[in-house]
There are 2 protein chains.
Amino acid sequence: MGATIRDVAQAAGVSVATVSRLVNGTGRVRDDTARRVQTAIDRLGFRPNAIGRNLSTARTRTLGVVIPSLSNPVFADAVAGINAEAKAQGYTLMFMATDYVRTDEQALVGTLLAYQVDGLILTVADAADSPVLDALDRDDVPYVLIYNQPTARNRPTVTVDNVTAGREVADFFADLGHERLAMVSGTLTASDRARARRDGFVAGAEARGLAAPRVLEVDFVDLDADAAVAPLFADRTGAPTALFCSNDLLAISVIGALGRLGLGVPADVSVIGFDGIAVGAQLHPTLATVAQPSREMGRVATTRLLARLAGETAAPATVLPHTLRPGESAGPAAKPCPADLQVPFHHNGRSPS
Amino acid sequence: MGATIRDVAQAAGVSVATVSRLVNGTGRVRDDTARRVQTAIDRLGFRPNAIGRNLSTARTRTLGVVIPSLSNPVFADAVAGINAEAKAQGYTLMFMATDYVRTDEQALVGTLLAYQVDGLILTVADAADSPVLDALDRDDVPYVLIYNQPTARNRPTVTVDNVTAGREVADFFADLGHERLAMVSGTLTASDRARARRDGFVAGAEARGLAAPRVLEVDFVDLDADAAVAPLFADRTGAPTALFCSNDLLAISVIGALGRLGLGVPADVSVIGFDGIAVGAQLHPTLATVAQPSREMGRVATTRLLARLAGETAAPATVLPHTLRPGESAGPAAKPCPADLQVPFHHNGRSPS
DNA sequence: GTGACCGATGTAAACGGTTACATCAACGAC
DNA sequence: GTCGTTGATGTAACCGTTTACATCGGTCAC
């Protein structure tokens with residue numbers, strides 16, 4: 001296809017070493033020689049083959065990224081941040097999505113490593129119990145985790161404090177007068193951070209003297225929100241008045257399902273999500289959420305990884321600040337007067353058959 | 001870092017050729033030899049270096065992807081489709097986002113080519129006028145466009161029929177009784193498809209005997225929706241009652257801005273978007289939109305690209321079906337004065353029944 | 001004039017695979 | 001016994017770079 005360095009060298013009447021030196025700016029080249037070589041480069045449309053370069057330098061200036069899914073804006077944002085920082089430093093990304101199939105992590109990372117990526121940025125299902133990470137540690141491959149919960153293994157991680165955030169959500173609800181809390185979470189075994197959020201939430205509820213929140217685990221990948229949410233409200237009198245969803249996408253689906261169940265948000269049920277995806281602020285009602293600085297997390301993770309590649313050793317965990325962002329979807333608990341309790345359900349337009 | 005094929009060969013007491021043949025399944029290897037080699041591979045944790053392989057085979061089994069942004073779910077969905085198909089065929093992705101900076105396209109594609117991607121899938125600002133595509137054509141680099149508008153150059157493209165879709169939106173509004181239409185679009189020069197949608201929309205309005213829609217061009221990247229939308233409604237009597245937004249993200253922002261202007265959707269203004277991103281169906285009001293099969297577009301584009309890599313030549317443009325998906329954000333025009341009601345000065349071509 | 005030094009450039013050996021071709025043993029046909 | 005064939009394996013060139021080291025004028029101090 002393209003011209004090689006040898007073609008250029010021949011055309012310019014110099015050796016390949018001279019061309020290489022000029023192209024990379026290593027070593028000095030006399031001005032008139034440089035001009036001659038440059039002319040040849042332009043004429044032949046020479047573009048150095050990165051593969052050849054990588055092979056001889058054993059570095060690719062490529063970063064591997066493995067995330068659960070691109071369809072969730074929270075990951076798309078992080079990747080955007082990674083991409084921006086990587087680009088700024090002259091690195092290119094190769095990325096793969098696991099689609100939440102935990103057992104695929106290994107193979108994806110394997111592929112990336114075969115391509116000799118210089119380092120990896122990943123979100124795994126569970127950082128505390130991960131064959132992939134064990135393998136990376138064993139082979140001394142540089143990597144940084146994002147979103148994952150920091151563990152006793154002291155793996156390099158960029159994250160928010162999920163436990164505290166969960167606790168704050170419980171406080172938030174308690175401050176609004178809610179007494180019966182619940183959580184709707186994606187598969188807990190597939191997400192260490194969801195577990196952390198739950199732990200904080202449950203602990204927070206307990207600290208405020210509230211009944212232990214019911215925790216509903218749903219299949220986030222192909223979600224039937226209506227069916228998933230229904231059981232929570234089968235028993236009307238004991239039904240929760242405040243729902244913590246483990247992520248915003250889930251919260252949005254849940255709010256839709258609640259509407260179809262005839263439950264108003266926030267009139268009957270308050271809902272808060274997690275992530276702070278941009279679209280949440282555009283919803284009606286606007287989505288209350290715990291916002292994570294996703295783009296920034298991607299940026300910081302990249303910075304840390306590149307620092308590590310440059311030989312520096314850094315702290316195991318970087319914790320970035322989260323923000324509990326109130327929204328119209330979460331309001332004060334309905335006054336617990338008996339009258340209210342009798343009319344908790346207004347059915348939607350569909351005529352009963 | 002890892003063991004090389006030579007290490008394995010030595011450990012197993014065979015030549016590198018034998019190891020290579022076993023690993024790739026090319027050529028026969030005696031059973032006991034195979035076992036010996038396999039043992040060595042396992043023991044050393046040998047993983048073939050893709051760089052070395054690529055250099056000698058001149059193929060990388062890597063696809064380059066260039067899209068405007070990952071933050072727009074419509075592109076994230078397409079990438080998910082590309083990723084799925086590529087993975088299924090044993091290809092890996094390298095991708096880059098232009099962040100709508102048109103002049104960056106060239107450099108990004110250049111980087112990808114330096115990495116010797118086997119082919120490219122891209123969405124450029126304007127397929128009819130694109131130095132990047134000219135260069136790719138000249139160098140005979142295989143690529144497939146997605147989302148872009150097919151042009152006279154017959155470049156391989158996977159898309160929906162944006163013009164027809166735009167016309168259908170005008171029809172849709174007209175059928176609902178709207179008479180004053182407008183469009184809010186991202187920068188037209190940065191998007192050939194936005195132009196096509198506008199052209200169809202304007203033509204459709206004309207065909208129905210409506211006044212030419214006002215077309216508002218906004219900076220989509222950092223959008224101040226409130227300021228952008230305001231001028232349309234400065235004169236409230238002449239203000240449009242139906243708004244076509246060139247994409248869903250824009251529509252969502254516009255709906256928010258309308259609310260802050262005190263305008264109800266759809267009571268005062270009907271809004272329809274374009275793309276069919278999943279979150280639209282979860283909004284309140286649900287977002288009317290022209291849905292494109294984004295994931296499928298990514299999948300098909302990948303299939304076509306891989307076919308091209310396998311030597312097949314395919315049709316220039318694949319047009320996938322779009323769907324005008326009604327939603328609560330678009331409703332009948334508010335009844336004007338009774339006099340107007342009696343004088344329907346347009347009809348839809350079908351005979352009244 | 002000689003030797004040290006210097007800057008510009010060339011030579012050739014990696015890097016880690018693939019693969020055309022060579023080699024070699026075993027076997028059967030004659 | 002010779003020859004041809006076949007299957008298993010080895011040898012070494014090659015892919016496109018980088019780079020340590022060699023080379024070669026020229027300049028300068030003495």
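First the proteins, then the strands, lettered A, B, ... as listed; each starts at 1. The basis for the numbers below is simple: all heavy atoms, side chains too, and nothing from hydrogens, waters or symmetry mates.
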Distance-minimising heavy-atom pair for B:Gly13 and B:Arg36 | O-NH2, 3.9 Å
Mind listing the closest non-hydrogen atom pair of B:Gln116 and B:Thr60 along with its distance?
-> O-OG1, 2.8 Å
Option from A:Thr123, A:Leu122, A:Thr98 for which side chain to side chain contact (heavy atoms under 4.5 Å, CB included) with A:Glu105 holds | A:Thr98
Do [X] and [Y] have a side chain donor and acceptor closer than 3.5 Å?
{"X": "B:Arg61", "Y": "B:Asn54", "result": "no"}
{"X": "B:Asn148", "Y": "B:Arg155", "result": "no"}
{"X": "A:Asn49", "Y": "B:Tyr115", "result": "no"}

What residues form a side-chain contact (heavy atoms from CB on, under 4.5 Å) with A:Asp77, not counting sequence neighbours?
-> A:Ser294, B:Ser71
Counting only heavy atoms not in B:Gln10, do more than 12 fall under 6.0 Å of its CD?
-> no
B:Arg59 atom CZ, over 12 foreign heavy atoms within 6.0 Å = yes
Going from CG on A:Leu44 to CD1 on A:Ile41, what distance comes out if it is rounded to the nearest 0.5 angstrom?
-> 9.0 Å
Going 5' to 3' along DNA chain D, which nucleotides are the first and last within contact of chain B (any atom under 4.0 Å from a heavy atom)?
-> D:dA8 to D:dG16
How bent is the helix from C:dG1-D:dC30 to C:dC30-D:dG1, comparing axes over its five end pairs at each side, to the nearest 10°?
-> 60°
Quick one: ring-ring contact (aromatic ring centres under 6.0 Å, His included) pairs with a partner in residues 74-105 of chain A, sequence neighbours left out?
-> A:Phe75-A:Tyr147, A:Phe95-B:Phe95, A:Tyr100-A:Phe220
May I ask you to decide whether B:Arg153 forms a salt bridge with B:Asp134, counting only side-chain N to carboxylate O separations under 4.0 Å?
-> yes
Residue closer to the 5' end of DNA chain C, A:Ala17 versus B:Asn24 (nearest nucleotide) | A:Ala17
OP1 or OP2 of C:dT18 under 4.0 Å from side-chain N/O of B:Ser20 = yes
Under a 4.0 Å heavy-atom cut-off, which of residues 30-44 of chain A touch DNA chain C?
-> A:Arg30, A:Thr33
Taking the side chain of B:Arg21 as heavy atoms from C-beta outward, which of C:dA20, C:dT9, C:dG17 is closest to it?
-> C:dA20
Just the table, please: protein N/O against nucleotides 13-15 of chain C N/O, every pair under 3.5 Å.
residue : atom : partner : partner atom : Å
C:dC15  : O2   : A:Ser56 : N            : 3.3

Working for side-chain hydrogen bond (donor to acceptor under 3.5 Å, both in side chains), residues B:Thr159 and B:Arg193 = CA-CA 9 Å; B:Thr159 181; B:Arg193 51 237 172 257; over 6 Å; no
